[in-house]
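Bear in mind the structure is a predicted one, so any value in this text is a computation, not a measurement. Each chain gets a letter, A, B and so on, in the order its sequence line appears, and its residues count up from 1.
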Amino acid sequence: MRLSRSFIPTLKETPSEAQIASHRLMLRAGLVRQTAAGIYAWLPAGLRVLRNIEQIVREEQDASGAQEVLMPTLQSADLWRQSGRYDGYGQEMLRFKDRHDREMLYGPTNEEMITDIFRTGVKSYRDFPQNLYHIQWKFRDEVRPRFGVMRGREFLMKDAYSFDLDHAGAVVAYRKMMLAYMRTFQRLGVQAIPMAADTGPIGGDLSHEFIILAPTGESQVYFDAAFEKIDVSTARYGFGSDQDLADFYTTMTTPYAATDEKHDEAAWAQVADKREGRGIEVGHIFYFGTKYSEPMGLKVAGPDGQMIVPHMGSYGIGVSRLAGAIIEAHHDEAGIKWPDSVAPWRAAILNLKPGDTACDTICEEAYTGLAGNALYDDRPDRAGAKFADADLMGHPWQIIVGPRSAANRRVELKRRMTGEREEVSVEDALARVLK
RNA sequence: CGGAGCGUAGCGCAGCCUGGUAGCGCAUCAGUCUGGGGGACUGAGGGUCGUGGGUUCGAAUCCCGCCGCUCCGACCA
């Protein structure tokens, strides 16, 4: 993308409504635009980030054996009456009526809908286990939306739902999701810690929330440094082995980890290598047994002819929230420092002197060589403005092409995350960026 | 849902108290000079002052209603 031809409205000044770093930077870097309280439009650069996060989430869900579906944003109130949640959900649910006076709602979550879909399609115990997920917009009419996309009213969430014949099977499904989540967050460039959690309105008796570390996080978290060394790679743990999953689960749940609400000073005192900091919740997993399958009449014939009521779990990742959370974890005074995996472009090409033949030639060559992975700053602006915008937008690499070194076919390569910079040949720069 | 504010040009703000035909910085456009960390100069364009009503000779300014938004707290992917 050529910056001169793109719609990336960066701001030099901070909009007054933005209080926290990620909100300020998302607005300043031209990623999103607020359209109403807690509701955001995603602009070209922001959408690329959102899609990158979504794709990593998708790949890890698929790897765990979950299958992607897509359920609608609008649901019928009848469905929620079957589970008994329609009256209990409260003001957070956005309710309305269609032209025929039918009661509808904009879905805040999909347990009822997936249970309804699954019960009409499943035929036998042989069909189990299953895990279905989708990545869809949700709406929760928060009393007080804030922090930009971190606490919006409309947000993109990945939610998965597992179906198993018994508790033991559901526990395996739960562990698979925990493993998939750890891999997902690792790929997204953030340190995530699973912490035992309350189950809230979803219900159930086994639940963990995934907290990622960021200096500006909402809550204080305490955890054992052992979490920093856990290997969650496919080489260490496989989805196909119940023993691996059990080992993994033990490893993830044994060291101390708690948010300030559940913090236990006595247990904390026993931890040898302590870590504490601020955290943001970006995922939450629940096992809730037959809470929905029972009232909604989901049951199948077992091998002995007896009817079985399946055990379920649900697993959420806040995709749009992650865009903000990743910025909270990776930024400085100048702007965003995107991890490679989620950056809208891998590199920015800064042409410090458009019109200079050597600069123009090298920039075009780099732009073509990076094939869609680069944002080319070809604007006729001053160098300082380009540096400032590149730092603000947070491209992992900056290929700085100036007349000083361009004559020798050399460029300056800057790594945004670390601030390191070095002069290299054009070829080396491209190879490094694409590696 | 309790408390506190704000709405004036794309963004950040002043003007309001004490009513008299709207201003500053940045951004934008044109030109000149510049050219490695948001440069300088000259000129130009851009505003139903959130909205409806009221008071007044006259309302951005005073009064009332409504709408929108933000912040603090309680609550939450």
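One P atom belongs to C64(B), the other to U21(B), and the distance between them is 25 Å to the nearest Å. As rounded to the nearest Å, C11(B) and A27(B) have P atoms that lie 15 Å from one another. For the C1' atoms, the distance from G47(B) to U28(B) is 15 Å, rounded to whole Å. Separation of the C1' atoms belonging to C13(B) and G19(B) is 22 Å when rounded to the nearest angstrom. Remark: the separation of the P atoms in C49(B) and G7(B) is 14 Å, to the nearest Å. A distance of about 29 Å separates the C1' atoms of A9(B) and A4(B), rounded to the whole Å.
Rounded to whole Å, atom P of A77(B) lies 14 Å from atom NZ of K138(A). Regarding E142(A), its CD atom lies at a distance of 13 Å from the P atom of C71(B), rounded to whole Å. If you measure from atom CD1 of I39(A) to atom C1' of G68(B), you get 13 Å, rounded to the nearest angstrom. Atoms CE (M93(A)) and P (A77(B)) sit 15 Å apart, rounded to a whole Å. Computed from coordinates, the R24(A) CZ to G12(B) P distance equals 14 Å when rounded to whole Å. Protein atom CG of L27(A) is 11 Å distant from nucleotide atom P of U70(B), rounded to whole Å. In this structure, the CE atom of M150(A) is 13 Å from the P atom of C71(B), given to the nearest Å. Rounded to a whole Å, the CZ atom of R33(A) is 15 Å from the C1' atom of C69(B).
By the side chain to side chain contact (heavy atoms under 4.5 Å, CB included) test, D141(A) is found to be paired with L94(A), F139(A), R153(A), residues two or more places apart in sequence or in another chain being considered. A search for side chain to side chain contact (heavy atoms under 4.5 Å, CB included) contacts involving A36(A) returns I39(A), not counting sequence neighbours. Partners of K158(A) according to the side chain to side chain contact (heavy atoms under 4.5 Å, CB included) rule, which considers only residues two or more places apart in sequence or in another chain, are V57(A), Q61(A), Y133(A), I135(A), A160(A), M177(A), Y181(A), Y315(A), I317(A), V319(A). The ring pair (Phe, Tyr, Trp, His ring centres under 6.0 Å) search around Y376(A) returns Y367(A), not counting sequence neighbours. In this view, D231(A) and S233(A) satisfy the side-chain hydrogen bond (donor to acceptor under 3.5 Å, both in side chains) rule, not counting sequence neighbours. Shown here are the salt bridge (Lys or Arg N to Asp or Glu O under 4.0 Å) partners of R81(A), two or more places apart in sequence or in another chain: D78(A), E103(A).
As judged by a 4.0 angstrom heavy-atom cut-off over every strand, S320(A) is placed among residues making no nucleic acid contact. Within the 4.0 angstrom heavy-atom criterion, only backbone atoms of the sugar-phosphate kind lie near E17(A); the bases stay farther away. Counting non-hydrogen atoms under 4.0 angstrom, Q91(A) reaches nothing in the nucleic acid. Looking at heavy-atom distances under 4.0 Å, G90(A) makes no contact with the nucleic acid at all.
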For a quick test of your reading: what N or O donor-acceptor pairs under 3.5 Å do the side chains of residues 9-21 of chain A make, sequence neighbours left out?
| from | atom 1 | to | atom 2 | distance (Å) |
| --- | --- | --- | --- | --- |
| T10(A) | OG1 | D389(A) | OD1 | 3.3 |

Cut-off 3.5 Å, no hydrogens considered: what does the side-chain donor-acceptor table look like for residues 338-350 of chain A, sequence neighbours left out?
| from | atom 1 | to | atom 2 | distance (Å) |
| --- | --- | --- | --- | --- |
| W338(A) | NE1 | M393(A) | O | 3.1 |
| D340(A) | OD1 | R415(A) | NH1 | 3.1 |
| D340(A) | OD1 | R415(A) | NH2 | 3.4 |
| D340(A) | OD2 | R415(A) | NH2 | 3.0 |
| S341(A) | OG | R187(A) | O | 2.6 |
| R346(A) | NE | V433(A) | O | 2.8 |
| R346(A) | NH2 | V433(A) | O | 3.0 |
| R346(A) | NH2 | K435(A) | O | 3.3 |

How would you summarise protein contacts on nucleotides 30-38 of chain B per nucleotide, using B for base, S for sugar-phosphate only and - for none, with heavy-atom distances below 4.0 Å?
----BBBBB
For a quick check, with a 4.0 angstrom heavy-atom cut-off, what is the B/S/- contact string for nucleotides 42-49 of chain B, read 5' to 3'?
--------
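Side-chain contact check for E281(A) and H284(A): at least one donor-acceptor pair (N or O, by modelled atom type) lies under 3.5 Å. Remark: the R278(A) side chain and the Q220(A) side chain contain an N/O donor-acceptor pair separated by less than 3.5 Å. There is no side-chain donor-acceptor pair under 3.5 Å between T184(A) and Q186(A). Defined by atom type and a distance below 3.5 Å, a donor-acceptor pair is missing between the side-chain atoms of R275(A) and Y222(A). Side chain to side chain, Y161(A) and Q130(A) fail the donor-acceptor criterion of an N or O pair below 3.5 Å. Counted by atom type alone, H311(A) and Y174(A) present zero donor-acceptor pairs between their side chains at under 3.5 Å.
When each of G283(A) and Q34(A) is assigned the nucleotide of RNA chain B bearing its nearest heavy atom, the one mapping closer to the 5' terminus is Q34(A). Toward the 5′ end of RNA chain B lies the nearest nucleotide of V143(A), the other residue of the pair V143(A) and R146(A) mapping further downstream.
With a cut-off of 3.5 Å on both pairing distances, U48(B) has no Watson-Crick or G-U wobble partner at all. Nucleotide C6(B) has G68(B) as its partner under the Watson-Crick or G-U criteria, with both atom distances under 3.5 Å. Searching all strands for a Watson-Crick or G-U wobble partner of A77(B) with both distances below 3.5 Å returns nothing. Searching all strands for a Watson-Crick or G-U wobble partner of C33(B) with both distances below 3.5 Å returns G39(B). Using the Watson-Crick or G-U wobble rule with both distances under 3.5 Å, C57(B) pairs with G20(B).
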Would you list the protein and nucleotides 13-16 of chain B atom pairs, both N or O, that sit under 3.5 Å from each other?
| from | atom 1 | to | atom 2 | distance (Å) |
| --- | --- | --- | --- | --- |
| C13(B) | OP2 | S16(A) | OG | 3.4 |

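Taking every side-chain heavy atom of A37(A) into account, C69(B) is the closest of G73(B), C69(B), A77(B).
Taking each heavy atom of A196(A) and K262(A) in turn, the nearest pair found is O-CD, 3.8 Å.
Put simply, CG on D62(A) and CD on E60(A) are 9.0 Å apart, with the number rounded to the nearest 0.5 Å.
Proximity of residues 52-75 of chain A to RNA chain B (heavy atom under 4.0 angstrom from any strand atom) is not detected for any residue.
OP1 and OP2 of C72(B) both lie 4.0 Å or more from every side-chain N or O belonging to Q19(A).
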